[in-house]
Amino acid sequence: MWPPAKASDMTRTDAPVTPPVVLTVAGSDSGGGAGIQADLKTIEACGGFGTSAITSVTAQNTTGVQGQHLLPVDEIEAQIGAVTRDFDVAAVKTGMLATREVITLVVEHAADLPNLVVDPVMVAASGDRLLAAEAEDAYETLIAEAAVVTPNADEAAVLTGRDVDDPAAAEQAGRDLVEMGADSALVKGGHVPGDAVVDTLVTDDGVTTFRHDRIDTEATHGSGCTLSSAIATQLAHGDDLPAAVGSSIDLLASAVRYNVDVGDGPGAVHHLVQTRNDAARRPTSEAVERAVSALVDADVSALVPERGMTIAGATPYAETPDAVAAVEGRIARTMDGIRPNRGVRFGASTTVARALLAAREHDPAVRFAANCRLADAIEDALSSLDGPVAAYDPDERPDAVSDDGIAWGVDRAFETSEGTPVAVVGREGVGTDGRVTLFAADADDLVSRMETVHGTVEDSV
């Protein structure tokens with residue numbers, strides 16, 4: 001029996017952990033998407049222990065700021081002192097400071113605030129002003145104390161007097177901020193026009209740019225808070241600056257894409273997106289294993305290509321192949337039915353993983369996929385499925401597509417389909433037969449669709 005029975009007077013040994021402590025000095029957002037609420041969620045999600053000094057209490061939700069109340073400066077100072085006296089603070093981030101007096105207070109305590117990340121919050125995502133106009137120039141003294149300052153384009157324009165409307169201007173604004181005394185400046189590109197978001201990190205040693213696709217959403221509430229808190233926490237872990245910034249930008253890109261649809265406004269970023277995704281890895285792998293077992297029991301040999309079949313499953317917020325679990329070495333036909341060559345692991349698939357990720361660009365609810373042999377009987381049997389079947393013409397593939405075309409083909413098929421396809425037909429890439437890729441939101445649906453197609457093929461023989 002496990003665990004072993006315990007005597008009535010037995011006590012257990014504690015097993016404490018020591019995460020790095022991160023302090024946020026910022027305002028409270030009653031709506032939970034930004035401010036200290038976003039900061040604390042992000043700090044904990046990134047493996048830190050979050051502490052706070054609240055500067056202002058706002059009545060706020062996804063539609064805007066209805067009111068705010070600044071705490072007395074001595075109460076803010078008492079919070080900072082209480083935290084720094086008791087905790088070994090490894091990093092600090094600032095958010096809504098609201099007035100010149102609060103900014104000056106933080107400057108006075110800067111010597112006790114390591115890895116200081118300054119997010120110069122001036123206006124909420126809703127457009128509501130969060131900083132008194134006369135306090136704008138006070139930020140220059142705080143910037144001089146910062147390990148990194150993280151303005152968006154509008155904030156950088158206020159701080160430097162320079163229009164930030166392209167990456168070149170962002171770089172120059174970053175240089176201006178470093179000249180003011182900051183160790184580094186990250187000028188965020190979310191407010192700069194363009195298909196890609198380009199974030200520009202400037203230090204005395206040079207310039208590093210981080211580029212990612214723009215997400216078509218207005219649900220960016222809390223994005224600045226989340227990014228600066230993540231950077232502070234990664235610095236607290238001991239990451240160097242480029243690594244801390246790069247991993248934090250990756251987190252924010254996922255948090256914006258998989259935003260939280262709450263409230264009547266645009267919604268908030270998903271602060272715990274990576275934590276939830278990591279927690280889903282084991283259930284996803286187990287779902288793929290169950291699907292493989294069910295298909296082996298059903299002996300869907302007629303669907304298995306000569307090179308073997310791959311079953312793949314993506315975590316709920318998968319963005320890269322290493323977040324896709326698949327059969328390693330494929331499922332092969334044998335004299336006794338079908339058998340997987342090896343087990344299931346993340347990163348095992350390339351072709352089906354790329355197809356699945358391409359499908360998720362159009363419908364993120366799609367999480368499972370399998371490749372099947374393309375033959376006339378199988379193609380005919382696809383009509384028995386409840387959902388659209390799409391195809392792509394390989395002759396339309398651009399020369400610039402360097403892989404075997406599966407990601408481009410699935411993207412093309414989903415783009416031209418009326419509704420999410422249950423299957424995509426491609427006449428290239430696997431010998432001379434081409435391939436069929438089946439898709440589903442969950443593993444049981446994928447198995448059901450494959451069994452339906454197999455049963456229809458068998459009945460037609």
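Values in this document were obtained by computation on a predicted structure and should not be read as measured data.
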Handout entry: Short side-chain donor-acceptor distance under 3.5 Å, Thr315 and Asn277
Key = yes
Problem - Side chains of Asn371 and Thr351 in contact at under 4.5 Å (non-hydrogen atoms) - result: no
Fill in the blank from the handout: When every non-hydrogen atom of Ala156 is compared with those of Val164, the smallest separation belongs to CB-CG2, 4.0 Å
Handout entry: Carboxylate-amine/guanidinium contact Glu306 Arg373, below 4.0 Å
Key = no
Fill in the blank from the handout: Between Leu186 and Val148, the two heavy atoms sitting closest are N-CG2, 4.1 Å
Exercise for the section: Give the intermediate values and the outcome of side-chain contact (heavy atoms from CB on, under 4.5 Å) for residues Val324 and Phe368. Expected result: CA-CA 9 Å; Val324 178; Phe368 294 86; over 6 Å; no
Handout entry: Ser52, Ser28, Ser30 screened by side chain to side chain donor-acceptor pair (under 3.5 Å) with Gln37, the one that passes
Key = Ser28
Practice task
Side-chain contact test, heavy atoms from C-beta onward, threshold under 4.5 Å: evaluate it for Asn259 versus Glu218 and give yes or no.
Solution key: no
Fill in the blank from the handout: Nearest heavy-atom approach of Leu201 to Phe210 is CB-CE1, 3.9 Å
Exercise for the section: Please check if the side chain of Glu155 supplies one atom and the backbone of Asn152 the other of a donor-acceptor pair under 3.5 Å. Expected result: yes
Problem - From Arg435, Met309, His454, residue fulfilling side chain to side chain contact (heavy atoms under 4.5 Å, CB included) relative to Cys372 - result: Met309
Problem - Side-chain touch Val192/Asp165, heavy atoms, less than 4.5 angstrom - result: no
Problem - Donor-acceptor pair, side chain of Ser417 and main chain of Ala413, under 3.5 angstrom - result: no
Exercise for the section: Kindly compute the distance separating CZ (Arg449) from CG (Asp386), expressed to the nearest 0.5 Å. Expected result: 7.5 Å
Handout entry: Sub-4.5 Å side-chain heavy-atom contact between Arg342 and Arg330
Key = no
Handout entry: Spacing of CZ belonging to Arg333 relative to OG belonging to Ser301, to within rounding of 0.5 Å
Key = 7.0 Å
Problem - Arg281 and Glu286 ion-paired at < 4.0 Å - result: no
Handout entry: Whether Glu44 side chain and Gly50 backbone form a donor-acceptor pair below 3.5 Å
Key = yes
Completion exercise
Heavy atoms of Val296 and Pro340 approach each other most closely as CG2-CD, 4.0 Å
Exercise for the section: In sequence, state the C-alpha distance, the side-chain angles, and the governing distance for His271 and Val269, and then conclude on side-chain contact (heavy atoms from CB on, under 4.5 Å). Expected result: CA-CA 6 Å; His271 315 94; Val269 303; 3.8 Å; yes
Practice task
Kindly indicate whether the side chain of Val436, heavy atoms from C-beta on, has any atom under 4.5 Å from the side chain of Leu382.
Solution key: yes
Problem - Atom pair CG (Asp14) and CZ (Arg12), whose distance is rounded to the nearest 0.5 Å - result: 11.0 Å
Handout entry: side-chain contact (heavy atoms from CB on, under 4.5 Å) assessment of Val389 paired with Val425
Key = CA-CA 8 Å; Val389 175; Val425 176; 4.2 Å; yes
Practice task
Quick one: pull up CD in Glu361 and CG in Leu356 and give me the separation to the nearest 0.5 Å.
Solution key: 11.0 Å
Practice task
Decide whether Thr334 and Asp336 meet the rule of one side-chain donor and one side-chain acceptor closer than 3.5 Å.
Solution key: no
Practice task
Can you measure from OG1 (Thr63) to CG (Asp264) and round to the nearest 0.5 angstrom?
Solution key: 7.5 Å
Exercise for the section: Without swapping roles, check the side chain of Asp29 against the backbone of Ala34 for a donor-acceptor pair under 3.5 Å. Expected result: yes
Practice task
Output yes when a side-chain donor or acceptor of Arg367 lies under 3.5 Å from a complementary backbone atom of Gly313, and no otherwise.
Solution key: no
Exercise for the section: Report yes if the side chains of Thr284 and Arg282 come closer than 4.5 Å at any heavy-atom pair, otherwise no. Expected result: no
Problem - Pairwise side-chain contact, Leu357 with Pro321, heavy-atom cut-off 4.5 Å (strictly under) - result: yes
Exercise for the section: Count the heavy atoms belonging to other residues, nucleotides or ligands that lie under 6.0 Å from CG of Asp261, then report whether that count exceeds 12. Expected result: no
Extract all donor-acceptor atom pairs below 3.5 Å that involve side chains of residues 227-236 and protein atoms in other chains or at least two apart in sequence.
from, atom 1, to, atom 2, distance (Å)
Ser228, OG, Lys93, NZ, 3.3
Ser228, OG, Gly224, O, 3.0
Ser228, OG, Cys225, O, 3.2
Ser229, OG, Asp39, OD1, 2.7
Ser229, OG, Cys225, O, 2.9
Thr233, OG1, Ser229, O, 2.8
Gln234, NE2, Asp239, OD2, 2.9

Practice task
Hey, could you give me each pair passing side-chain hydrogen bond (donor to acceptor under 3.5 Å, both in side chains) that has a residue in residues 186-214? Not counting sequence neighbours.
Solution key: Asp154-His191
Handout entry: Sidechain-backbone polar pair: Ser349 side chain, Val352 backbone, donor-acceptor under 3.5 Å
Key = yes
Handout entry: Heavy-atom side-chain proximity of Val117 to Thr94 below 4.5 angstrom
Key = no
Problem - Check: Asp363/Thr420 side-chain N/O donor and acceptor closer than 3.5 Å - result: yes
Practice task
Classify the side-chain pair Ser285/Arg345 by whether it contains a donor and acceptor separated by less than 3.5 Å.
Solution key: no
Side-chain donor-acceptor contacts of residues 249-257 below 3.5 Å, not counting sequence neighbours, with atom names and distances?
from, atom 1, to, atom 2, distance (Å)
Arg257, NH1, Glu319, OE2, 2.7
Arg257, NH2, Arg360, O, 2.6

Problem - Distance-minimising heavy-atom pair for Ala370 and Ile311 - result: CB-CD1, 3.4 Å
Completion exercise
What one should report as the nearest heavy-atom pair of Val92 and Val89 is CG2-CG1, 3.7 Å
Exercise for the section: Can you establish whether the number of heavy atoms outside Asp240 located under 6.0 Å from its atom CG is more than 12? Expected result: yes
Practice task
Nearest 0.5 Å please: distance from the OG1 atom of Thr220 over to the CD1 atom of Ile215.
Solution key: 11.5 Å
Exercise for the section: Could you give me the CA-CA distance, side-chain angles and deciding distance for Asn341 and Glu328, then say whether side-chain contact (heavy atoms from CB on, under 4.5 Å) is met? Expected result: CA-CA 7 Å; Asn341 290 326; Glu328 187 171 16; over 6 Å; no
Exercise for the section: May I ask you to decide if Gly222's main-chain N or O and Thr226's side chain share a donor-acceptor pair within less than 3.5 Å? Expected result: yes
Practice task
Answer with yes or no after comparing the ring centroid distance for Tyr392 and Phe414 against a 6.0 Å cut-off, counting only values under it.
Solution key: no
Exercise for the section: Count the heavy atoms belonging to other residues, nucleotides or ligands that lie under 6.0 Å from CD of Glu396, then report whether that count exceeds 12. Expected result: yes
